[in-house]
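One structure is given here, and the rest of the page talks about it.
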Amino acid sequence: MKPQQENIDQIKDAFSKMQTREDLLQLLNEVKPLIFGEKAVAFQIKQLTWYANANLGGKRYAEFKIQKKSGGERSIHAPVKGLKAIQRTMAFILQCVFEPHKAATGFVRDKSIVDNALPHVGKYYVYNIDLKDFFPTIEQARVWKCLQLKPFNLVGERIKLASVIAGLCCTEMEVERPNANGEWEKVKRKVLPQGAPTSPVITNMVCQRLDHLLSGVAKRFGLTYSRYADDITFSSMHSVYHAEGDFLTELRRIIVEQGFYIKESKTRLQKDGYRKEVTGLLVHEKPNVPKRYIKQLRMWLYYWERYGYEKASAIFSRQYLDDKGHVKKGAPAMENVLAGKLEFLKMVKSPSSSVFNKLSKRLIDISTVNSNKAKSMDGISNDFDLEEDFSGIDLDSIFDAFEKRPQEKNIEQIEIGIIPIFHCPKELVNLLKNFSINNSPLKYTTHSWDAGRDSNLFKDLNDFIDQAKKRYNSFSFRLKELSPNLNGKIYNFIFNSKIENTGWGDINPKKRIYFGWSSPELIAACKNDTSLNPEDFILPEKFQIQRSGKTLQKFKHIIDVFKNEIEVRDENSALLNLILQKHDSYLISFSPPKISNLENKTFYADIQWLSKALDLIFEGIQKYPQHPDVEYAITVSNSEKMVLEILHQNSIKKGLSIHDDKLNLKRGDFSTIKDKLKNLCDWSIESEFSEGAYRINYLVSDEKTPAFEKIVSADGFKHILTFYK
């Protein structure tokens, strides 16, 4: 709840007079009814003692992981019920006693991300940095020391209260810290947990000195400064953001001295003429939401209007769960999420916004008409059958109709020819990982089938296919959005009982494979011989085909073909062989290529579409035989991504502008390359142009990536493909 001034004054006075643990307990119990109601049960002194001292044992937090939008996972430490109630009450008290620095906008009463974005509107330069591991960087000793300073003044005899409060708000966990050599290593520390109600207000307490110093350096250099939690923003009409310049040198010094670390991967300078965002809001003429936010609202309202609540909410539930990664009780009701998004839109654009009012009216209208509005989504079953519940509906028509709606013709985030295009290769990879996750039935469509049966994951082939289908149905709708080609290939290979008529794989019917997991011949054979491993099934002669000079005789050979259709695998250096095959096909008259680090690389992708995109890239190189030197290299390969660079040495475009039609995506080979690589990998090019050396970003998975980036120099014309793992 929002405290009244009378409450604030009373709490401040009581806090200043506290002397003992019993006084703290009394204050907590006086404040608790303001949060939990008059019937709230009072805290007891033994609870403070128990939860403030981790050495007494007992479970204080439950740890779980949630997916980050940028990929990877975030650890959340949720306090147990008793501790959470104490922390919520303590957070309320601390917020009444402490007044954050005016530059702090996160976790502050009456402030939001709009307040954080507003000071930076219209600035030519916007510079953002994120602090690494913000909450767990703050250790218990630092919280304890902070409570001894103004306005808390827990010193002298009252210093024991600082120990109690710090103990209630921190917990021991494994964190990263730099050692004496500057290398990051994992150590055990008592720190602020992300997930505790007290952690947000305490970060503002600890960062008060940081905010003061950074406001001072901003004033010195003529900049505007704000901080929303770990997201720090500077903006200006002039540039002081040179890598070795005085401002960045001073900024880094202050942050390190204050015990924080910069997350270099999130550091970005946004310049005038490009998309500029602050804490997720556009800051060009006024704070505004990105177009994709409006587009998503319109899309879900359209689903509801067109297909009714039940079907629309079923689709919503699946996508919500895929996107959020961790939720306790399934997806929330669709109408609640839409209402929340509209409230956020109203906050950003104002209640008088025509966009807000039109969308709000649509939600009210459809809620009134549809009798199923109030139906909760908490009970949606995980074995929802997409085929059964959507029988008779052409799912492609959903998107076709949506794109053709007159009132929504301008909501497309990226128009044809406009770059960069935001896409979702990380999400596609996460969906394809269903083929490698332990205990996922889909894993055993490409791995040892007997291993799954021996583990009692399924009884027989029919049971296996049923379980695999339930798993597939949970994400197939999103997969179809991201890659219709892959979705069709997967469905036909595993579930199409009439695969003999349609086939799967190559576009050329003569090269397609007409056999899969649901082929009647395989089903019948496994029914007649329950001990038969499907992989060992000998294909009927009419299904045996030639591939690379070999006859595919067993179903295992078909499975191997499928595996190589959805994944570049380290077996036999598949990526290296693919690149060399393209080189030998198109660049036979060129010099022998220089190859670096292409062996033994693995990542998921649509190999068919990747191959076609490479065909076009190599055709482009083929047109300039006067420059016969080419290089293929993996420059970054770690657990998160792999960067493939294809460099045509000395083939530069100095006479060509970076804005020339030959380089946009309106038509020609580049447009087709974009179509093939979308949602597979990020794609950029580098070269020398008439304006200088530039990197042009076509497909990006980070919406903050600009279209054009100035680089120092270019050795030729380079394609950069970034794959995610």
Side-chain angles (χ1 to χ4, degrees), residues 1-64 76-98 107-109 135 140 143-144 147 151-152 154 157-173 190-205 326-330 332 336 376 378:
M1 65 164 285
K2 181 179 178 180
Q4 302 299 315
Q5 189 59 48
E6 180 183 0
N7 301 134
I8 294 174
D9 293 339
Q10 291 173 349
I11 291 171
K12 281 184 176 180
D13 182 62
F15 192 94
S16 67
K17 294 176 180 178
M18 286 192 313
Q19 296 293 326
T20 66
R21 187 174 302 200
E22 286 72 21
D23 293 337
L24 173 60
L25 177 66
Q26 182 178 342
L27 178 56
L28 286 167
N29 284 329
E30 288 174 356
V31 172
K32 188 176 183 181
L34 298 176
I35 303 171
F36 297 98
E38 292 299 328
K39 295 183 179 180
V41 179
F43 297 121
Q44 298 180 23
I45 195 68
K46 64 181 181 181
Q47 289 178 281
L48 294 191
T49 303
W50 176 265
Y51 289 124
N53 190 346
N55 295 328
L56 295 178
K59 185 175 182 180
R60 301 166 77 224
Y61 292 87
E63 182 182 5
F64 58 87
I76 301 297
H77 288 73
V80 297
K81 186 177 180 180
L83 177 58
K84 184 177 182 180
I86 293 175
Q87 289 179 341
R88 282 188 63 189
T89 310
M90 182 61 68
F92 189 95
I93 293 170
L94 295 176
Q95 287 172 335
C96 291
V97 175
F98 175 71
F107 319 128
V108 178
R109 289 195 312 271
F135 289 95
Q140 183 169 325
V143 178
W144 175 76
L147 289 166
F152 307 103
L154 298 181
E157 291 297 321
R158 305 174 73 215
I159 200 169
K160 294 180 181 179
L161 294 175
S163 299
V164 173
I165 295 173
L168 287 169
C169 301
C170 297
T171 189
E172 186 176 73
M173 66 177 74
K190 290 182 178 179
V191 298
L192 280 184
Q194 185 164 356
T198 42
S199 293
V201 63
I202 291 176
T203 60
N204 282 337
M205 291 159 45
H326 174 89
V327 288
K328 290 184 178 180
K329 297 181 180 179
N336 293 341
S376 170
D378 289 352

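FYI, the numbering just counts along the sequence from 1.
Rounding to the nearest 0.5 angstrom, the gap separating the CD1 atom in I202 from the CD atom in Q140 is 10.0 Å. Note that CG of L94 is 10.0 Å distant from CD1 of I11, once rounded to the nearest 0.5 Å. The distance from atom CD of Q95 to atom CZ of R109, rounded to the nearest 0.5 Å, is 7.0 Å.
Under the 4.5 Å side-chain criterion, counting only non-hydrogen atoms from C-beta, P151 is in contact with F98. Using a 4.5 Å heavy-atom threshold, the side chains of P193 and E63 count as separate.
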message = Walk me through whether H77 and Q194 qualify under side-chain contact (heavy atoms from CB on, under 4.5 Å).
response = CA-CA 6 Å; H77 288 73; Q194 185 164 356; over 6 Å; no

Open item on the list: Using side-chain contact (heavy atoms from CB on, under 4.5 Å), reason through L168 and I86 one step at a time and then give a plain yes or no.
Closed with: CA-CA 8 Å; L168 287 169; I86 293 175; 4.1 Å; yes

- Show your working on side-chain contact (heavy atoms from CB on, under 4.5 Å) between M205 and F152 and close with a plain yes or no. CA-CA 10 Å; M205 291 159 45; F152 307 103; 3.6 Å; yes

request  = Test C170 against V191 for side-chain contact (heavy atoms from CB on, under 4.5 Å), laying out the working first.
outcome  = CA-CA 5 Å; C170 297; V191 298; 6.0 Å; no

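The side chain to side chain contact (heavy atoms under 4.5 Å, CB included) test applied to I159 returns W144, Q148, not counting sequence neighbours. Qualifying side chain to side chain contact (heavy atoms under 4.5 Å, CB included) partners for Q5, counting only residues two or more places apart in sequence or in other chains: I8, D9. For the side chain to side chain contact (heavy atoms under 4.5 Å, CB included) test, residues two or more places apart in sequence or in another chain that qualify with A14 are L27. Partners of P197 by side chain to side chain contact (heavy atoms under 4.5 Å, CB included), not counting sequence neighbours, listed by chain and number: P79, K84, Q87, R88.
Listed by first and then second residue, the salt bridge (Lys or Arg N to Asp or Glu O under 4.0 Å) pairs that reach into residues 15-26 are D13-K17, sequence neighbours excluded.
Exactly one of L48, L154, V143 qualifies for a side chain to side chain contact (heavy atoms under 4.5 Å, CB included) with I165. That residue is L154.
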Atom pairs and distances, side-chain donor-acceptor, residues 28-43, under 3.5 Å, sequence neighbours left out:
unit_1: N29; atom_1: OD1; unit_2: F43; atom_2: N; d: 2.6
unit_1: N29; atom_1: ND2; unit_2: L25; atom_2: O; d: 3.4
unit_1: N29; atom_1: ND2; unit_2: F43; atom_2: O; d: 3.2
unit_1: E30; atom_1: OE2; unit_2: Q26; atom_2: NE2; d: 3.1
unit_1: K32; atom_1: NZ; unit_2: V41; atom_2: O; d: 2.5

